[in-house]
Undergrad: 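Take this structure, written in structure tokens, and hold onto it; I'll ask about it next.
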Amino acid sequence: MSENFLFQAFSASAILAAVIMVTRKNPVTAVIFLVVVFFSVSGMFLMLDAHYVAAINVILYGGAIMVLFLFVIMLLNLGHTKQKDLKGPMGGLVGGTIAVAFLGTLTQFFIGGSEFEGMSRQGDVQLPLGLEQQGVIAPIARPLFTDYIIVLEVTGILLLTAIVGAIFLTKKRSV
Amino acid sequence: MNELVGLVALDTQGMIAVFVSAILFAVGVLGVLLRRNAIVVFMCIELMLTAGNIALVAFSRLHGVEGQILVFFVMAVAAAEAAVGLAIIIAIFRHYEVVDLDRFGILKW
């Protein structure tokens with residue numbers, strides 16, 4: 001009962017912080033509330049038995065990526081914007097319509113208007129996390145380094161490319 | 001069991017998580033469409049990726065840990081995307097002195 005309440009509290013704070021983030025004028029405030037969103041989502045992950053995902057969500061998103069955003073905002077000195085950042089009423093109408101359409105489609109899909117079979121449990125999937133036997137990390141690490149090893153290597157190449165690309169793009173041209 | 005469609009197989013927390021994922025995704029779409037500041041638009045894209053992650057984790061309770069492994073790769077892609085995207089924003093800022101998306105509609109200069 002109380003666990004359910006905690007989960008709902010995390011969900012509510014995630015949604016609330018996301019709305020605040022989208023509507024604030026100052027980008028630094030937006031970053032702070034996005035960090036709140038990530039922490040709430042990590043709480044949800046914990047209660048959904050995804051402990052490892054919760055941990056890397058805090059470390060990677062809440063730590064690394066958000067610091068990168070803050071760093072760029074400070075580097076470009078954007079912390080105090082005066083003019084209004086939201087688009088006009090026409091843009092608001094179009095954007096709101098598209099967002100509501102997305103929400104409606106997703107909700108309908110999740111409630112079961114679709115015939116997509118993957119939404120329900122099929123036969124003999126072995127359920128995640130025999131926590132008692134394997135611990136939290138092993139059920140994720142083992143397939144990652146056996147079945148998905150090629151994907152993992154390609155991810156490494158992707159990250160290397162991103163590093164090289166980022167350095168190249170921000171380098172001052174010396175010509 | 002096999003003819004169950006929809007959320008019948010998920011428990012309460014899974015259902016809540018899936019709907020939170022839908023709402024967060026819609027909020028992210030709204031932010032991308034409504035904001036002019038390129039950095040905030042970028043943060044809204046990260047929000048949409050997180051919404052996808054929530055759905056993956058929720059459904060990984062039905063289908064095994066593959067969903068959580070996929071979340072791992074989504075996060076790696078998000079990190080790469082953030083690095084390159086912010087580098088592009090810095091390069092654009094060097095040229096235009098603004099990060100207002102309405103101000104650079106054309107791709108040449």
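Below, chain A is the first sequence line, B the second, and so on; all start at residue 1.
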Undergrad: Could you tell me which of A:L152, A:I163, A:T23, A:V19 has the largest number of non-hydrogen atom pairs under 4.5 Å with chain B?
TA: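 The residue among A:L152, A:I163, A:T23, A:V19 with the greatest pair count is A:L152.
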Undergrad: Without swapping roles, check the side chain of B:R61 against the backbone of A:D49 for a donor-acceptor pair under 3.5 Å.
TA: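 Side chain of B:R61 to backbone of A:D49, a donor-acceptor pair under 3.5 Å: no, none is there.
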Undergrad: Among B:G67, B:G85, B:A17, B:A82, which residue has the highest count of heavy-atom pairs closer than 4.5 Å to chain A?
TA: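 If we count pairs closer than 4.5 Å to chain A, B:A17 comes out on top.
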Undergrad: What part of A:V100 gets within 4.5 angstrom of chain B, counting heavy atoms only: side chain, backbone, both, or neither?
TA: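 Neither the backbone nor the side chain of A:V100 comes within 4.5 Å of chain B.
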Undergrad: Mind checking the CD1-CZ spacing from A:I65 to B:F42? Nearest 0.5 Å is all I need.
TA: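 Spacing of CD1 (A:I65) from CZ (B:F42) equals 9.5 Å.
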Undergrad: Please state whether the side chain, the backbone, both or neither of B:V71 comes within less than 4.5 Å of a heavy atom of chain A.
TA: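 It is the side chain, since no backbone atom gets that close.
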Undergrad: What part of A:S11 is in contact with chain B, defined as an atom under 4.5 angstrom from a non-hydrogen atom: side chain, backbone, both or neither?
TA: both
Undergrad: Going through the distances and angles, do B:E66 and A:Y148 end up as a side-chain contact (heavy atoms from CB on, under 4.5 Å)?
TA: CA-CA 10 Å; B:E66 276 79 8; A:Y148 296 91; 3.0 Å; yes
Undergrad: Which region of A:D147, side chain (C-beta onward) or backbone (N, CA, C, O), has a non-hydrogen atom less than 4.5 Å from a non-hydrogen atom of chain B, or is it both or neither?
TA: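 Neither part.
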Undergrad: Give, for atom CG of A:L34 and atom SG of B:C44, the distance between the pair rounded to the nearest 0.5 Å.
TA: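 If I round to the nearest 0.5 Å, the distance is 8.0 Å.
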Undergrad: What heavy-atom pair brings B:G31 and A:V22 nearest, and what distance separates the two atoms?
TA: CA-CG1, 3.7 Å
Undergrad: Other members of the hydrophobic cluster containing A:V67, with the 4.5 Å side-chain heavy-atom rule, please.
TA: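 None; A:V67 is a cluster of one.
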Undergrad: Identify which one of A:V53, A:L144, A:L60 satisfies the side-chain contact (heavy atoms from CB on, under 4.5 Å) criterion when paired with B:F72.
TA: A:L144
Undergrad: Does one hydrophobic cluster hold both A:I150 and A:I140, with members joined at side-chain heavy-atom distances below 4.5 Å?
TA: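 Yes, because A:I150 and A:I140 connect within a single hydrophobic cluster, where side-chain heavy atoms sit under 4.5 Å apart.
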Undergrad: Of all heavy-atom pairs between A:T170 and B:R94, which one has the smallest distance, and what is that distance?
TA: O-NH1, 3.0 Å
Undergrad: I'd like to know which of A:V72, A:I167, A:V37 tops the heavy-atom pair count under 4.5 Å against chain B.
TA: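 Max contact count across the listed options: A:V72.
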Undergrad: Report yes if the side chains of B:F25 and A:L103 come closer than 4.5 Å at any heavy-atom pair, otherwise no.
TA: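 No, their side chains stay 4.5 Å or more apart.
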Undergrad: Is it the case that over 12 heavy atoms from other parts of the model lie below 6.0 angstrom from the CZ atom of A:F102?
TA: no
Undergrad: Please report the interatomic distance CD1(B:I16) to CE(A:M47), rounded to the nearest 0.5 Å.
TA: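 B:I16 atom CD1 to A:M47 atom CE measures 10.0 Å (nearest 0.5 Å).
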Undergrad: Side chains of B:L49 and A:Y61: closer than 4.5 Å at any heavy-atom pair?
TA: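 Side-chain contact under 4.5 Å: yes.
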Undergrad: Counting only heavy atoms closer than 4.5 Å, note whether A:T105 contacts chain B via side chain, backbone, both or neither.
TA: neither
Undergrad: Closest approach of B:V27 and A:A18, non-hydrogen atoms and distance?
TA: CG1-O, 3.8 Å
Undergrad: Shared ILVMFWY cluster between B:V41 and A:I98, side chains joined below 4.5 angstrom?
TA: yes
Undergrad: Which atoms of B:V32 are under 4.5 Å from chain A, going by heavy atoms: the side chain, the backbone, both sets, or neither?
TA: neither
Undergrad: For the CD1 atom of B:I23 and the CD1 atom of A:I15, what is their distance to the nearest 0.5 Å?
TA: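 That separation rounds to 4.0 Å.
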Undergrad: What distance do A:M66 atom CE and B:M43 atom CE have between them, rounded to the nearest 0.5 Å?
TA: 6.0 Å
Undergrad: Identify which of B:V84, B:V77, B:V57 forms the greatest number of heavy-atom pairs closer than 4.5 Å to chain A.
TA: B:V57
Undergrad: Which answer fits A:F10, side chain, backbone, both or neither, if we ask what part of it has an atom under 4.5 Å from a heavy atom of chain B?
TA: neither
Undergrad: Looking at side-chain heavy atoms only, is the closest gap between B:Q68 and A:F45 below 4.5 Å?
TA: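 When only atoms from C-beta onward are counted, A:F45 and B:Q68 do not touch, as no gap falls below 4.5 Å.
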Undergrad: Indicate the atoms forming the closest heavy-atom contact of A:A166 with B:A83, along with that distance.
TA: CB-O, 4.0 Å
Undergrad: Do you know the tightest heavy-atom contact between A:M21 and B:R35?
TA: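 Minimum heavy-atom contact is O-NH1, 3.8 Å.
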Undergrad: Indicate, with yes or no, if B:F73 and A:F145 share a hydrophobic cluster defined by side-chain heavy-atom contacts under 4.5 Å among Ile, Leu, Val, Met, Phe, Trp and Tyr.
TA: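 Same cluster.
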Undergrad: Among A:L68, A:L159, A:V94, who wins on heavy-atom pairs under 4.5 Å with chain B?
TA: A:L68
Undergrad: Could you tell me which portion of A:L75 (side chain, backbone, both or neither) has an atom closer than 4.5 angstrom to a non-hydrogen atom of chain B?
TA: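 For A:L75, side-chain heavy atoms alone lie under 4.5 Å from chain B.
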Undergrad: Given a strict heavy-atom distance threshold of 4.5 Å, which part of A:F168 is in contact with chain B: side chain, backbone, both, or neither?
TA: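 Contact with chain B is absent: no heavy atom of A:F168 under 4.5 Å.
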Undergrad: If I compare all heavy atoms of A:G95 with all of B:L33, which pair ends up nearest, and what's the gap?
TA: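 It is CA-CD1, 3.7 Å.
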Undergrad: First locate atom CD of B:Q13, then atom CG of A:N4, and finally report the distance between them rounded to the nearest 0.5 Å.
TA: 5.0 Å
Undergrad: Report which part of A:F7 has an atom under 4.5 Å of a heavy atom belonging to chain B: side chain, backbone, both, or neither.
TA: side chain
Undergrad: If Ile, Leu, Val, Met, Phe, Trp and Tyr residues are connected whenever their side-chain heavy atoms lie under 4.5 Å apart, and connections chain through other members, are A:V151 and A:V154 in the same group?
TA: yes
Undergrad: Which bit of B:I54 comes within less than 4.5 Å of chain A, counting heavy atoms only: side chain, backbone, both or neither?
TA: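 Both backbone and side chain.
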Undergrad: For the hydrophobic clusters of this structure (ILVMFWY residues joined by side-chain heavy atoms under 4.5 Å, transitively), does one cluster hold both A:I73 and A:I32?
TA: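 Hydrophobic grouping puts A:I73 apart from A:I32.
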Undergrad: Of the listed residues (B:V29, B:L86, B:L30, B:I89), which shares the most heavy-atom pairs with chain A below a 4.5 Å separation?
TA: B:L86
Undergrad: Can you say whether A:V41 sits under 4.5 Å from chain B via the side chain, the backbone, both, or neither, judging by heavy atoms?
TA: side chain
